[in-house]
Amino acid sequence: MDIVKAGTYEEMSELAAELVEAELRERPQAVLGLATGSTPEGMYAALARDCESGKVSFAEASSYNLDEYCGIPASSPDSYHAFMEEHLFSKVNFQPGATHLPDGNGGEAACESYEKSIEQAGWVDLQVLGIGNNGHIGFNEPSDHFPVATHLVKLKQETIDANSRLFEDASLVPREAITMGIGTIMKARRILILANGDAKAEIVKRAFFGEVTPEVPASVLQLHRDVTVMLDARAAALIP
Ligand code: PGA
């Protein structure tokens, strides 16, 4: 595990974009695993800027997102489809059809077909992750086991509360989601996990310096052979 401590959120975002760009230069046909949330927004802005200036190209790459809500259409402005379109896909040069998110309304069949599609792509080369305040990665919530493949989940109340800031009304936050499994994530060749802000300091310490347990899903990353944990100073405040 490689721990990179940046100073500010902006510095963390630039370093993260550099890592993604290095991957794309080395492997133009990379399969990227992508995340939504506030954390990677700065990285996506840097990637969009660098694609615009010709420093990086997504023309031969493809992407698979971690997760999507159930119960809202992909066309909803609250969907992760919409988030990715707004923050990255509309601003960089992926080929049409090269970007993928799970179908939040496709049930078990969508789980199976999403997992199969990632497998057929040769699994993810570089997976970008954020971390939830409760240690979730994707929507793999604290549990008594590590889910293997793409599956449907009931969101924990703390996740619903954390995500309610992005909705007009807390009652509109979906209660269920579809997410890559921990096994899907662990099959990635390389993983970049980002965290910033005071609120993430405690979970960063537990996840990367505590016991490996499904109660803290991100702790499983301690067992992966190529993980970069990239933090701003605030999220790094409690680690040795
Ligand atoms: P955030 O979410 O980036 O909005 O903090 C992270 C997550 O829940 O995985």
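Counting starts at 1 for both ligands and their atoms, following the listed order.
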Minimum-distance pair of heavy atoms, taken over all atoms of Cys70 and Ile178
SG-N, 3.9 Å

Whether [X] side chain and [Y] backbone form a donor-acceptor pair below 3.5 Å:
| X | Y | result |
| --- | --- | --- |
| Glu68 | Pro102 | no |
| Glu115 | Thr150 | yes |
| Tyr9 | Gly42 | yes |

Side-chain heavy atoms of Arg189 within contact of Asp125, under 4.5 Å:
yes

Side chains of Glu141 and Asn134: do they bring a donor and an acceptor to under 3.5 Å?
yes

Contact residues of ligand 1, where a non-hydrogen atom lies under 4.0 Å away
Gly37, Ser38, Thr39, Gly130, Ile131, Gly132, His136, Arg165, Lys200

